[in-house]
Amino acid sequence: AVMVLPKASGTIFGHTVVKNTLYTLATGLTDPQTAKMDPAGNLWVVNGSYKNVGVIPAATGTLFGVSVTANVFTQITTSVLSFSLDLAIDAAGNIYVSDYTNNAVYVLSKTSTTIFGTSVTANVLTSIATVSHAIGICFDAAGNLYIGNQGTNTIQIGRASCRERV
């Protein structure tokens with residue numbers, strides 16, 4: 001399930017919630033690993049064992065080529081992933097997913113472009129880095145992508161011009 005612990009009473013994703021009371025926003029997920037909010041107010045979820053990324057959208061419309069209804073959990077990706085543990089969202093709104101079993105970091109890009117030296121197609125999950133057992137991922141303010149690499153017990157930094165280990 002995807003849950004929220006609201007700071008104040010009100011409405012969250014169409015559900016009336018009471019402050020300081022845990023509330024379920026979405027059920028029927030298999031092994032949700034992480035949830036992250038994007039700047040548009042959409043809540044993104046990595047559904048680890050079920051091998052997908054889904055969203056509880058803030059508004060009805062289209063996200064990454066998939067029709068979504070406001071406040072209803074929708075699966076966005078349907079293949080490629082094996083066991084995903086984390087996601088990150090860059091300043092452009094692209095979704096990055098770490099996949100532990102596939103030893104990779106993937107991107108779901110809003111546009112066809114080049115990201116970290118890899119050509120990507122809009123709305124297509126594409127591998128941008130090979131990492132031995134990718135775990136957690138996040139961006140810093142400069143746009144560097146940090147990747148927890150459990151296979152080598154390091155943190156890797158992805159930059160547009162290079163990749164380095166720290």
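Here the structure is a predicted model, which means the values were calculated and not measured. Note that the numbering runs from 1 along the sequence shown for the chain.
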Please report the interatomic distance CD1(Ile137) to CD1(Ile147), rounded to the nearest 0.5 Å. 7.0 Å
Value rounded to 0.5 Å, distance of CG in Leu81 from CG in Asn52: 7.5 Å
Between Thr62 and Ser67, is there a donor-acceptor pair closer than 3.5 Å when you use the side chain of the first and the backbone of the second? no
Please check: side-chain N/O of Thr24 versus main-chain N/O of Ala26, any donor-acceptor pairing under 3.5 Å? no
Minimum side-chain heavy-atom gap Leu85-Thr34 below 4.5 Å: no
Under 30°, 30 to 60°, or over 60°: which ring-plane class applies to Tyr96 and Phe116, parallel, tilted or perpendicular? perpendicular
Using modelled atom types only, decide if a donor and an acceptor are shared between the side chain of Ser82 and the backbone of Thr101 within a distance under 3.5 Å. no
Between atom CD1 of Ile89 and atom CG of Asn94, what is the distance when rounded to the nearest 0.5 Å? 10.0 Å
Whether Asn102 side chain and Ala104 backbone form a donor-acceptor pair below 3.5 Å: no
Taking atom OG of Ser98 and atom CG of Asn103, what is their separation to the nearest 0.5 Å? 11.0 Å
Students should find that the hydrophobic cluster of Val18, defined by side-chain heavy atoms under 4.5 Å apart, otherwise consists of none
Inter-residue atom distance Thr77.OG1 - Gln75.CD, 0.5 Å rounding: 6.0 Å
Could you tell me whether the side chains of Tyr106 and Asp99 share a donor-acceptor contact shorter than 3.5 Å? no
Under 4.5 Å side-chain linkage, directly or through intermediates, the cluster mates of Leu5: Met3, Leu22
So which of Asp86, Ile128, Thr130, Leu87 actually passes side chain to side chain contact (heavy atoms under 4.5 Å, CB included) with Val105? Ile128
Starting at CG of Asn47, measure out to CD1 of Ile76 and round the result to the nearest 0.5 Å. 12.5 Å
